[in-house]
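Only heavy atoms go into these numbers, but all of them, side chains included; no hydrogens, no water, no symmetry mates. Quick note on labels: first sequence line is chain A, next is B, and so on, each numbered from 1. Everything numeric in this text was worked out from a predicted model, so none of it was measured.
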Amino acid sequence: MARILITSALPYINGIKHLGNLVGSMLPADVYARFMRARGHEVAFVCATDEHGTPAELAAAAAGQEIAAYCAEQHEVQKAACEGFGLSFDVFGRSSSPANRELTQHFAQRLEENGYIEAREESQVYSPADGRFLPDRYVEGTCPNCGFERARGDQCDNCGKLLDPTDLIDPYSAISGSRDVELRETRHLYLLQSKLEPEVRAWVDAHPHWPQLTRSIAYKWLDEGLRDRSITRDLDWGIPVPREGFEGKVFYVWFDAPIEYIAATKEMDSDGWEAWWRTDQGADDVSYVQFMGKDNVAFHTVSFPCTLLGSKEPWKTVDTLKSLNWLTWYGGKFSTSQGRGIFMDQALEIMPADTWRWYLMANAPESDDTAFTLEAFTGAVNKDLADVLGNLVNRVTRFASSRFDGVVPEGGAPGEAEEALFVELDRRIPAYTEQLERMEFRKAFAELRAIWAAGNEYLQAAAPWTSFKTDKDRAAASVRTGLNLVRLLAELSAPVIPFTAHKMLAVFGIEDAPSWPQGEARALLDRLPHGAAFTAPDVLFRKVEDEQLAEWAERFGAPR
RNA sequence: GGGGGCGUAGCUCAAUGGUUAGAGCUGGCGGCUCAUAACCGCUAGGUUGGGGGUUCGAGUCCCUCCGCCCCUACCA
């Protein structure tokens, strides 16, 4: 048994997440966590809401709420949506927690003691009308390069030129529109990443098995030379900087957010958390896997490691990164701010969690951005889930109920059709297992689908409805194999469709969390006690009708 | 501007430089009748974004052009 630490990128607090966010980190992490638990490993699956930063303050203001109350409420909203999707976090914490405050301040102190922190004076754009300093992107104005009038302070959206807020002509606040903006002096703490470059490079060098994309991003930052990075902000909401002269300032959200991975573990287990995170406290044998979107890779391969390595304390660092591309809404962007696409709460209103889980994971954006369309979703639900899997379970259990009195029949022995099934499963199950281990989700679930289809092929070949008329033992052996197959498929499918797997196991009164099938198909397909009663389940997946699809397309504004 | 990635069948995706570029869905044909008009089998479908090059051999390597995505350190 191994110990597996799994973190999902933290969903930001400013509103419920859409399907793209879900499949970008939380869902694949959940599938992996469930798979690893089923294999008998000890898993800590950690997630949390990321609650600090300017966008959170603005979202709270827009909602007319105090920031703390807003975050508390949105945390519960996101937590409920995650539960609805069956995301099996061992903890879903908050980056605003006392644990994170304590740890973030601890890291800052250690970094300072080690000479990696320096206070620097600088001037930033301040808006009296808003009563706040403005991050670069919240300053807008006319682009000096192309004349575009709504260029942002970090980059012009029209010509793409990278800008500094002071470059803008006629700058104004993007928040209030006020043109009364000025430069003010302020002091901030800088993390001297430049001094940590050798350590970080050596650490990256020590991980040659990271994906090509991950490594190239890390080396790009290293090769350009790590720049010192401001880790504090002039905001009210955040983790206070415990230093004289920094009253009213907080740590930068990107400094404290990854530390929440650790703090959330402490929220989960205030006594045992160090065994996951401190290599001197037992974490040296932990395997740590991070899931994130492609935009997040640099922060996980360079920035956060700077914090950990610079502390000179024995913190656990990531072993394996899984980064995903974007899910797109019909080829365009899902957008939280513009409400474009489908959001987690809406998704659960219209279809069960497992249908989304299956579609999203079987089509996960692993090698490139992938288009989500309602038509493809509907097709996957109807074909893969309703026809291939759901109908298989239905036809087996219904036939067994009507012909064999609702018990697992006795008699007969495996014949030609069964032997062929054994051979196929003994090839496919190890292949599927290996793809899951490698986190090659699309390939894994193509294999799982093929395993479902193998069940239908088997039934077609065995044709117990025919043999029942002439050779009841033959039919009994086939039906018994079919029923065992339902159980086996439940176990194999549980990481991706846990709710359905539970229903399939309940057919045989099995309530325990499924464990991963070990051994040969011949034995796996004869585990149910002969003569044991079972209960045929209701239809597992209802099909989506054309009218329903049209209604959804209308509701969500699907491009046509 | 710089760096990285991607572009393959109508759609979503595979393919250590090596036979005739493969799956699933969709379409067409046939079979079965246990089952949610489901299932099983067969089949159709390609100038691998354009052009050039290296090689005995290129979807794969090189150059170039086109298009899309990510990063570029104060959005997170």
Under 3.5 Å for both donor-acceptor distances, Watson-Crick or wobble: does [N] have a partner, and if so which one?
| N | value |
| --- | --- |
| C61(B) | G53(B) |
| C6(B) | G67(B) |
| A23(B) | U12(B) |
| A73(B) | none |
| C42(B) | G28(B) |

Ring centers of F92(A), H75(A) separated by less than 6.0 Å = yes
Pick base, sugar-phosphate or nothing for [X], based on heavy-atom distances below 4.0 Å to the nucleic acid.
| X | value |
| --- | --- |
| T397(A) | nothing |
| P464(A) | nothing |
| E51(A) | nothing |
| A450(A) | nothing |
| L10(A) | nothing |
| A386(A) | base |
| V253(A) | sugar-phosphate |
| F299(A) | base |
| F468(A) | nothing |
| W326(A) | sugar-phosphate |
| K333(A) | sugar-phosphate |
| S402(A) | nothing |
| G53(A) | sugar-phosphate |
| G225(A) | base |

Kindly confirm or rule out a cation-pi arrangement of K472(A) over F468(A), judged by NZ or CZ under 6.0 Å from the six-membered ring centre and within 45° of its axis?
-> yes
Starting the side chain at C-beta, find the nucleotide from [options] nearest to [X].
| X | options | result |
| --- | --- | --- |
| R449(A) | C40(B), G24(B), A76(B) | G24(B) |
| L226(A) | A14(B), A73(B), G7(B) | A73(B) |
| R395(A) | A76(B), A15(B), C39(B) | C39(B) |
| S216(A) | G41(B), U33(B), G4(B) | G4(B) |

Spacing of [X] atom [atom1] relative to [N] atom [atom2], expressed in whole Å:
| X | N | atom1 | atom2 | answer |
| --- | --- | --- | --- | --- |
| W452(A) | U36(B) | CH2 | C1' | 15 Å |
| Y359(A) | C25(B) | OH | P | 15 Å |
| D384(A) | C25(B) | CG | P | 8 Å |
| Y458(A) | G41(B) | OH | C1' | 19 Å |
| F404(A) | C34(B) | CZ | P | 14 Å |
| N391(A) | C32(B) | CG | P | 18 Å |
| N296(A) | A76(B) | CG | C1' | 8 Å |
| D295(A) | C70(B) | CG | P | 9 Å |

Does a side-chain N or O from K383(A) land closer than 4.0 Å to OP1 or OP2 of G24(B), or not?
-> no
Does the side chain of L483(A) come within less than 4.5 Å of V507(A)'s, by heavy atoms?
->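 No, too far: nothing below the 4.5 Å cut-off.
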Which word best sums up how the rings of Y261(A) and F304(A) line up, parallel for under 30°, tilted for 30 to 60°, or perpendicular for over 60°?
-> perpendicular
Ring geometry between F372(A) and Y359(A) (parallel below 30°, tilted from 30 to 60°, perpendicular above 60°) = perpendicular
Evaluate whether the aromatic ring of F399(A) and the six-membered ring of the C34(B) base sit under 5.5 Å apart, centre to centre, with an inclination under 30°.
-> no
Heavy-atom donor-acceptor pair, N100(A) side chain to S97(A) backbone, under 3.5 Å =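 Answer holds: no.
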For L189(A), does its backbone N or O pair with a side-chain atom of T232(A) as donor and acceptor, under 3.5 Å?
->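 It does hold such a pair.
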For atom P, what is the distance between A9(B) and G3(B), given to the nearest Å?
-> 29 Å
G17(B) to G10(B) separation - P atoms, rounded to the nearest Å = 26 Å
5' priority, RNA chain B, between D50(A) and N394(A) [closest heavy atom] = N394(A)
Return yes if the base of A35(B) and the side-chain atoms of R398(A) contain a donor-acceptor N/O pair under 3.5 Å, otherwise no.
->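 Answer no: no donor N or O sits under 3.5 Å from an acceptor.
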